[in-house]
Amino acid sequence: MEKTYSPKSFEDKLYKEWEESGCFKAVRDDSKVPFTVMMPPPNITGQLHMGHAMDETLQDSIVRFKRMQGYCALWLPGTDHASIATEVKIVEQMKSEGLTKEQVGRDGFLKRAWAWKDKYAGRIVEQLKKLGSSCDWSRLTFTMDEKCSKAVREVFVNLYNKKLIYRGSRIINWCPCCKTALSDAEVEYSEENGNFWHINYPVEGENVALEVATTRPETMFGDTAVAVNPEDKRYKHLIGKNVILPVIDKAIPIVGDKHADMEFGTGCVKITPAHDPNDFEVGLRHNLPVVRVMNDDGTMNSLAGRFEGLDRYECRKQLVEQLKTSGALVKIVPHSHNVGHCYRCGATVEPIVSKQWFVKMQKLARPAIDAVTDKKITFVPERFAKTYYNWMENVKDWCISRQLWWGHRIPVWYCKDCGKEICAKVDPHICPVCGSINLSQDEDVLDTWFSSALWPFSTLGFPDDTSDLEYFYPGDVLVTGYDIIFFWVARMIFSGLEHMRKVPFRDVLIHGLVRDEKGRKMSKSLGNGVDPLVVIDKYGADSLRFSLLQGVAPGNDTRYSDAKVEACRNFMNKIWNASRFVIMSAEGHKVKSLEEVKLSHADKWIIARLQSAIRDVTLTLNKFEFGIACQIMYDFMWSDFCDWYIELVKPALKSDDSAKRDGALAVLVYVLDNALKLLHPFIPFITDEIYRNLPGTQGTIMTKEFPRYNSRRAYKKDVVSFGGIMEIIKAVRAAKTELDCPPSRKVSLYIVTENRRQISSNQESILKLAGAKEINFISSAAEAGEKTVTKVLGIGTIFIPMGELVDIEKEKARLEGELERIMDEIRRADGKLNNQGFVAKAPKKLVDDEREKLNKYIEMREKVINQLKNL
RNA sequence: GGGGGCAUAGCUCAGUUGGUUAGAGCGCUUGCUUGACAUGCAAGAGGUCGAUGGUUCGAGUCCAUUUGUUCCCACCA
């Protein structure tokens, strides 16, 4: 093995082997319990970012863990066609060539889109592999694959037949840049500084005017009424009369509607049903005409008179000028308000009335809410269930049609002769009503999330009753960021319930965002994104993975920093070198099993520590507490195994006593073997590379059984008593530092203790790690001689002669400080034990422990006082 | 307007049914060629866990109020 950890030399090689050996493949095996994870398919718009890296690392760790535990683990990978996002990219690409969609036409466009998909989907797959993702590539699915399209078609037709999909003219969010409708979830709001333009609408036949205020004056051409509150004494007498729209001199009625808030503004609201959701509702109540004044591209149409053809903002500018000159403009009041933007291109969204397809949500939402309240689905952390409820309970009908070309085309045809609307699973060629062959398919495609919603079952063969569907559905855990709970998680849940009659997964593991070093969201516009591949190239995939898992609380955002990855890389290097030591020590020796050797005190201690690591890692992983699990392994490997155990066994390894050597070697290999397995889910590459070099192993670690807790090897008493030995070592080291004694100077130890056997059986360890040359057991302090440093410990009192280095006054001060600390402890423990409530109500073990502690400290106090007297 | 999150060491963060003396990484101080590792080793300094009140034998952890910060949802033209 090389001296330093160099991941490049083995990561790609190992991945290739894993893939070729077929151990990622999940094949139905009825002797095993299935464990299914559906990968959230990354968009084919580009490449993976840090958020993906975290998402995939979490999933891979779970899947590897479960696979090692003996489950038939399926992690199904895929990519998403990302209808609007990809279309935006392709339009941009064409623009650079001086082309437009219209010029290349639908077929030409789709050809480009598929080429795009081939390029980027492949790139994403390569990136996933670099990360070490153990997904079943034989099942790689694209959301526009034949099987997904079939599922989409099936679901659409079924919902249509159940009247849960309908077509209607509603106010929708319109992106004038992408020229398509958007769902509510696809609109992002941000606070913007704008104005209220107060405009006078003269009342017909009266010498008064109603002052209305608007943030979008250009929509006034579509005004079909002015509303006042029916209770409003200022205006109620005018209800039924007309006002004259300025500029175009059109008479529109004054209506009484509670939508007009008497307290707000002037109390008069212009009603523009075609361009505002609230106004649309008012329009319905008062039977007002719906007048749309804007084109799809955000320019004004002919109803805007001389402003026709102008962009909405240019129109606004010129219109305001005209209103100003004509005197209709009363005032302009600065006003900041929330403006909706397209989540893909950022353009300001225009609420527009438009004929679109919708999914009726009310009936679908109910069972989806119940599934979570009934605990059929659990959000981890739980608080995200609230976010989910909040959205589901207020969900509006889902606008699913998009005026785009890239996506699943809506399976509805219209008969040009009789107007019949035909929705069918198989493309119709003849009108069932009039027999005409003059049919044309709806031009629109479906919202990307319509197919994503079916992902948990479309990938397994739905609507066919496949064996895979029966075995692997429902999934076990879905891992995703909190930012797509609405887009995706919610829609998968109601879709699974509606079409499969079963929830699509049992647990939803929500993680946070990966932010940059300063805590900002990583984004293209800020240019602060960090490319996982660059990091992997520099530090290795394992280091990146570990850094994304360690120290992260479930659901919390985390910051990426090179420093963190570097610290993880150092950990990898530590593991690497410790392993190198074990392997080198084993060279030329036969490694025996634990059963064949006699275990030393230290051996039992490390084996016991390993057992608690096994128990705790398993426990925490089952609760998806990756941060804690990683920390446990970090501490175990670095502190327990490297800093203590390896140092402890060095003398034994060099000993002439073959029994000692065999014992140490057996334990080293046993512990390392198990630790590697515990670490493998998080850091698959390094653990496998080392495992293959470990004596007595065969093949890859990834198919080996995950360690199981063995209570027979928990050695509870030995763990405690070995703590005493460690205490001695630490005390001697500290004493040396305190007295500026060079660590290399070997000291003599004089110990007053009742645990002579225990100490002498660990003599070699103590001498080695404490840097001592001898241990003398004495019965009183006097025997240790003058000029000593004293350490009062639980296991005994240690005297270290330090000759001229000892300053009696300093030593006194030190012991007095020590005494103070001990007194504090005694006061604390005493206080607790004198508290009737504590003694009566606290668990017995706690009270006993406290009593034991108190006794220990009282004993120590006596010893320190004695020693102070001696000085 | 509604709902969350966060506030713990100089910095970044863990701390999950309330129970030892509150932890880690980085940074800092001191000392080390210690036969795996200087991507290292040893010893340390550094925190009244945002504030107030409460529940409890016991609160960083639970409840209430409050301050600061941040996110999501809804949205009054």
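Proteins come first, then strands; the chains are lettered A, B, ... in the order of their sequence lines, and each starts at number 1. Given the structure is predicted, the values throughout are model-derived calculations rather than measurements.
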Worksheet item: For A:Lys538 and A:Ser543, does a side-chain donor sit closer than 3.5 Å to a side-chain acceptor?
Response: no
base_contact_polar ([N] base, [X] side chain, donor-acceptor, <3.5 Å):
X	N	value
A:Lys650	B:A36	yes
A:Arg559	B:U12	no
A:Asn390	B:C73	no

Where the side chain of [X] is defined as all heavy atoms beyond and including C-beta, which of [options] is the nearest nucleotide?
X	options	result
A:Ala734	B:G44, B:C72, B:G40	B:G44
A:Phe581	B:A74, B:A36, B:U39	B:A36
A:Cys642	B:G25, B:A36, B:C41	B:A36
A:Glu647	B:U12, B:C6, B:A36	B:A36

Discussion item. In whole Å, measure the gap between the C1' atoms of B:A64 and B:A22 for me.
Written reply: 25 Å
Worksheet item: Across the strands shown, which category fits A:Pro381 at heavy-atom distances under 4.0 angstrom: base, sugar-phosphate, nothing?
Response: nothing
Worksheet item: For A:Pro554, which contact category applies under a 4.0 Å heavy-atom criterion: base, sugar-phosphate, or nothing?
Response: base
Worksheet item: Would you say A:Lys396 reaches B:A74's phosphate, i.e. side-chain N/O to OP1/OP2 under 4.0 Å?
Response: no
Item to complete: Look at A:Asn570 and B:G25 and indicate whether a side-chain polar atom (N or O) is within less than 4.0 Å of OP1 or OP2.
Response: no
Roughly how many Å is it from [atom1] in [X] to [atom2] in [N], rounded to a whole number?
X	N	atom1	atom2	value
A:Tyr201	B:A77	OH	C1'	11 Å
A:Trp576	B:G40	CH2	C1'	17 Å
A:His259	B:A77	NE2	C1'	6 Å

Practice prompt. Please figure out whether A:Lys654 or A:Val552 has its closest RNA chain B nucleotide nearer the 5' end.
Written response: A:Val552
Worksheet item: Taking only residues at least two apart or on different chains, which pairs with a member in residues 544-578 of chain A satisfy ring-ring contact (aromatic ring centres under 6.0 Å, His included)?
Response: A:Phe10-A:Trp576, A:Phe546-A:Phe571, A:Phe571-A:Tyr634
Worksheet item: Considering only heavy atoms from C-beta outward, does the side chain of A:Tyr235 approach that of A:Ile254 to under 4.5 Å?
Response: no
